[in-house]
Structure formats: structure tokens, C-alpha cells
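Protein chains get the first letters and strands the later ones, always in sequence-line order, with residue 1 at the start of each.
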Amino acid sequence: MRDHSPPLCPEWESTSPGRSARYQALLESRRQLPVFPHRDVVIHTLRRHQVLVLVGETGSGKTTQVPQFLVEAGYRRVACTQPRRIAAVNVAKRVAEEMGVQLGAEVGYTIRFEDVSHPKRTRLKYVTDGMLLREAYGDPSLTRYDCILLDEAHERTLNTDVLMGLLKSVLPRRPELRLVVMSATLESGKFTDYFDRAPLVNVSGRMYPVRIEYMPQPVRDYLLAAEEAVMRIHRDEPPGDILLFLTGAEEIDSVCDRLRWRVRTERDSRSAAALAPLLALPLYSALPPPKQQLVFEPPPPDGTRKVIVATNVAETSITIDGIVYVVDPGFVKSKIFNPRSRVESLLVSAISKASAQQRAGRAGRTRPGTCYRLYTEASFQQELAEATHPEILRSNLATVVLTLKKLQVQDLVHFDFMDPPPPETFMRALEMLYYLHALDDDGNLTQLGSRMADLPLDPPLSKMLLESDRFRCSDEATKLAAMLSTQIVFVRPRNKQAEADAAKLRLMSEAGGSGAGDHALLVQVFEAYLRHGQSTRWCYEHFLNDRALRHAVHIQQQLARTLHRLQVPLISPGVRAPDRWLRLRQCVLHGYFMQVAFWRRGKSYTIVRDEQTVFLHPSTVVQHRPAWVVFHEFVLTTRNYIRIVSEVRPEWLLQLAPHYFDEREYADGASRQALQRLGRYRASK
DNA sequence: TAGGGTTTT
């Protein structure tokens, strides 16, 4: 067949001197990718259609090649979104190399905290979906781009879904704009239908075959079944590493311990002397990077087999080569949002077929493999959902609503989401933004709301921060907001729990005792980390997550810059001021008055807004059982917990949020009675 | 009495 396609890189062919051997070798391997023969179809289809849906499995080369095709076809400003930072960076590096250009010039990337692109020269930019959404704030029609690719659309992240809806509304306004939606195999029809029967290009993947084995009977205890499966593979199957998916760090650590113990015991007994050593390695995002790194290192050359016991990080974010066996119990811990109780929580639930397929695929990256599903084929066929429930249906929409308002979307009810969230969820989001004074009575964005959208924070945190200068503690508030925006910084290893708790109490006493509260402790930890020169060793000694703290420092710097731009002065009452934490607690309440609970006789607290009974999370440093507390989040695990808690004085409630604590707004019940007592108390003073 | 994974000019 004759090649009618345009020449590769028409302009650079003559101008770039560096058509090195390396470039030629890369070009040759590019030509071998399954997506390469589809180059002309992609280019020609986009001449006649505004939108193209491209479906390609792992190994098709779609992420690196399709954006290059478009640049070669003459598009001058191409953006390709990725759900994860790490992917945006790595793919941009690879593509710059393939094109024989300098990273940050013709090809670049933009992620939070890092912009390696040139405003004029960059023709192809990889960008996180959240970042592109932010760019749209100042340019709602995304006029900076003539072609946008949404990659990994099947993951249906919150930001991808919002971008898809936004782009769908932009397309009619910008007939010259081109959009390519790239996705894994499942649900391609949903994407083509959503974009008014957009043309579809199907690209095969390149993977080794993976044999799937099911259980003949449902298992009673998936942890035990997982352990047995790993042991059986290790005893009976040829060499090759194992990947086991579990739901959380605690499960993972305990299963790793049990596997180590079982292999050791079997090897010590005479009957199983032939059993090879087994190296059990945990993998989850909160794990310190050196420990994460271990999963990539080859095992000792004495026949040791690796088993990596991982959360969902290993499903998409982290790719480990050399896996031959996957053990999939079929569960994941995922976020759910209950609009009735207004609570987001984590719950263990069954995975989807798409997720099961993705997990199985992890066994076939370097050679043919096997996936052991710890459920029956009937439950796979009949009980698992086709695809994972989109994140937008499982989230609190306050941030989404604020973003859309900022993007000048007037009519949220008719905004075309691929999967519209239930109206009740929208009502809850509107209600929250209204109470925060981000929206006015007509649902329009207020000046405060517009400023809140500028901050990369949850709305209550934005509100807290933007008005923190009123409490003369904006310096403390930026530190707190940064600490609340990163992972939990306290590390509590299973075998050193008492030591870890003692280290935390020492940090607390430096802050002036437990009465200061959990919020104050976070600020204290942040400041101590800076005082100790952001030392990794200091973190280790004090049972703190070094990476999370480093992240918090980045966020704090960005918040301080944004506050400066928004003309909020950065002030502090001073580290020795006796009212320092008191001011901070008032400031927190200013943003989080919707998350207040009061002590009720017995042993529990009651949340004001819905009279839910809750307990202080065991991680709290608050020991003096205050009558009223503000909390950062509600966690549903073995009990209803409130986590990150500080005492508030009851009179603050009426001072700071009289519109929310008006007793007449509450039905007769415990909350109303508590507020009535508060009113009488106030009147008597 | 204990924390899935992403991400934000």
C-alpha cells in the first residue's frame, strides 16, 4: 500500500540538524507500534470531523503517537491531558526525544508547581487535566489550543468529566477546534454517543496473553484466600513475580507479615525444605519512597520470588515489569458521597469488570501470565458493574460547582455531564456555597466566591484562608491549609505504635499542650519541619511522612503567593503570642462552622447539622472532652469518627456564623435544644 | 481507639 501520509515533521526535517542514529532508531520503533498504521485515518478524519474517539488498549502507543501525528499534520497548539502528573512528565520526555527536540521548547509539559513549556514555541504540551481546567479560568474557550486530546478518558476522573462537559460546550463556539478523546476499550459507545456519534478509531493493544482462572466457589474470607493463593503459586508454579491487590495499608502490612511467617515456618520444617524464599513487599502511596523503590529491584539471585502486595496504585499509577501472576480478590476501597448526610467516606466494595481487566493486564507486560480471580466466573459476569462508577457521581460537588461558576457556566442544571450527578448532590453543594457566602441568594458567584475559586483548596479551606487576616493569623492559616491538603503526615508503624504516639505527644507539648487542638498541632509540625531544615532524618526520628511534608511546603508557598496576589496580608500574632492557637481555632471555625459537634451525655458527640452520633478519632490529641468542637472530616470505619478536631467556644458559633446557628432553622431535637441552651447562656451574660 | 488513588495559573 502506498503511503499518502504527510512527511514526518515537515518543518524540522530540513531545519533540525540532529537527525541522529538515536532518532532513526526511535523512529523505527515508533513505526512498529499498533497505532502507527492509523496515522492517516486519524489525520483525515479530523479534517472532516471536530471530534474523534480513539480506543486503544495498553501498549498501543496512543499516548505518545497520536499527539505527534497531529503536530505533523500541522496543528500548532496541541494539548494532551493526563490524569496523573507523573505520566504527563514521563510522556513529554519520551515524545521530545522521539521528535528529536528539546524538552520545554517544541514539546513540553505543565503540571502544578512545574511548567516546562514555552508560551510561543511549544506546539505539543502534556498537561494534567486539573491544570487545563485551571487554564480555562482565564480563557473559558481554551483559545490557546487548536487541538485538545483527553487521554485515559475511561478513568472518568472528576477533572476529566468536567473538562469533557466544558469542551462539549466550547465546540460549537469554536468550529476550528479539534478534540480527540482517547480511552481503553470499554464503553467506547458511550463516548461516541456523548459527542453526537463522533467517528471511532479502534487500535489493538500489544500485550502478552493472560490466562484467567476463577474460583469454583465463592470465598468466605478474601484475605485468607489471597494468602492461600500466593502460597500455592509459590509452591507449584514456575518462577515469576506475583502481584496481589488488597484495599489498604493495614491489610497489606498484615498480609505481608503473615506470608513471611508462613514461608519461614514451612522452610524451617523438614517437609518443605524445597520451598524457595519469598520476598513480600508492600506497596501503597503513603509508603516512603525508598520502600516503594524496593518493588522495582530484582530479588536475590538464589531463586527468591517477589510478591508485591499493593493497593490500587499498582492498577494505573505504578507499573512494575516482570509480573507473571496477578491475584485479584476483587475489592477496592473507594470514595462514596452520601448527599443526605453530606458525608464523603471510604468504603470497601467490589471492583468493576474494567478494573478486573486492568488488573489482569498487569500479568502480561513482559511475557504471558496468569490472573487468579478469587471469585467465581458467575459473579464476574453477573455481579460486577461494567465500569467503575465515575468519580463525579461519588463526590461532594462544592468544588465542581465553584469551578463551573468561575468558568461562567450559568445553568448548572442543564450543563451536559456525561453522567449527570443526582440533583440532591447539586443542592447540597449549592447549599454549602451559599452558607459560605460564595454564592448569593440568586445562586450567582459573589466576589468572595470568585476569590475562593482562585485558591486550589476545598471551599471551606478557601473561605478560612481568604478571611484569616481578620483573625490576624493568615500565616498560620496557610500552613494549616497546606497540611490539610496533603496526605496524613503522621506515620504509625505496626511494631512501633507506642513510640510513634509518644513522638506525636512531644510535638504537641511544644505547641503548648493538647488543648491547642489537632489543627494547631499540624501548624506546629509544619513549623518544626522547617526549623529542622526539612530534614528527612528528623522526619524519620519523629515518625513523620517526609514526602507529605515536602508537598505541604510546596503548597504553602503557592498559597502564600496566591494570597499576596489577592491582597490578603500574611500576618501572625507571633509564635509566642498566648492567643495564637485561639485565633487559629476561630479562623478554622469561620470556614468549618458546618462541621461542628457538641458533647452529649454518655460518651459521644453529636454533629449539629444532622444529629449524627460520632466519636473522636483515636488519633486526636484532644483529651479534655470540650463541650463544642470543630472537625475537619468525618470518617466512617469501624465507627463514625470525626478526625482532626479542636475545641471551639460556644459563643463563637453565634458570632461567626449566626446565619447557620439560628435555632429556628432546626427541627425539634438535640441540636435545637443545644442551640437554645447556647442562646440562653448568651442572653444571661 | 486508626488513613484507597488522583489532582489544582
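Nucleotides of DNA chain B nearest to A:L346 and A:L455 differ in position, and the one nearer the 5' end is that of A:L346.
A sub-4.0 Å separation between OP1 or OP2 of B:dG5 and a side-chain N or O of A:S285 is present. At the phosphate of B:dT8, OP1 or OP2 sits under 4.0 Å from a side-chain N or O atom of A:R85. Contact check, A:Q558 against B:dT9: a side-chain N or O comes under 4.0 Å of OP1 or OP2. A close approach under 4.0 Å does not occur between any side-chain nitrogen or oxygen of A:S334 and OP1 or OP2 of B:dG4.
Counting any heavy atom pair closer than 4.0 Å across all strands shown, A:D501 reaches a base atom. No contact: A:L616 has no heavy atom under 4.0 Å from any strand. As judged by a 4.0 angstrom heavy-atom cut-off over every strand, A:S317 is placed among residues touching the sugar-phosphate backbone only. Note on A:D115: nothing from the nucleic acid sits closer than 4.0 angstrom, heavy atoms only.
Among pairs with a residue in residues 117-147 of chain A, none fulfils ring-ring contact (aromatic ring centres under 6.0 Å, His included), at least two apart in sequence or across chains.
When each of B:dG4, B:dT6, B:dT9 is scored by its nearest atom to the side-chain atoms of A:V313, the top-ranked nucleotide is B:dT6. Here the side chain of A:Y284 is nearest to one of B:dA2, B:dT8, B:dG5, namely B:dG5.
Residue A:L163 contributes atom CG, which lies 12 Å from atom C1' of B:dT7 at whole-angstrom precision. In this structure, A:F490 atom CZ and B:dA2 atom C1' are separated by 13 Å, rounded to whole Å. At whole-Å resolution of the value, CG in A:L484 and P in B:dT8 are 18 Å apart. Taking atom NE2 of A:H389 as the reference point, atom C1' of B:dG5 lies 17 Å away to the nearest angstrom. If you measure from atom CZ of A:R394 to atom P of B:dT6, you get 14 Å, rounded to the nearest angstrom. Separating the NZ atom of A:K333 from the P atom of B:dT6 is a distance of 15 Å, rounded to the nearest angstrom. The separation between A:L407 atom CG and B:dT9 atom C1' is 13 Å, rounded to whole Å. Summarising the geometry, the separation between CD1 on A:I555 and P on B:dT8 is reported as 9 Å, rounded to the nearest angstrom.
Under the ring-ring contact (aromatic ring centres under 6.0 Å, His included) criterion, A:F526 pairs with no residue at all, not counting sequence neighbours.
Residues from residues 126-143 of chain A with heavy atoms under 4.0 angstrom of DNA chain B, sorted by number: A:T128, A:G130, A:M131, A:R134, A:Y137.
A side chain to side chain donor-acceptor pair (under 3.5 Å) with A:Y109 holds for exactly one of A:R85, A:E114, A:K93; it is A:E114.
Judged by distance alone, with hydrogens and angles left aside, A:E391 brings a side-chain donor or acceptor within reach of the base of B:dG5, the pair sitting under 3.5 Å.
A salt bridge is defined here as a Lys NZ or Arg NE, NH1 or NH2 lying under 4.0 Å from an Asp or Glu carboxylate O, and A:K333 with A:E251 fails to meet this definition. Between A:D146 and A:R174 there is no salt bridge, since no side-chain nitrogen of the basic residue lies less than 4.0 Å from a carboxylate oxygen of the acidic one. Using a cutoff of 4.0 Å between basic side-chain nitrogens and carboxylate oxygens, A:D253 and A:R494 are not scored as salt-bridged.
Side-chain atoms of A:S355 and A:E315 form a donor-acceptor pair, as typed in the model, at a separation below 3.5 Å. A side-chain N or O of A:T110 and one of A:D115 form a donor-acceptor pair less than 3.5 Å apart.
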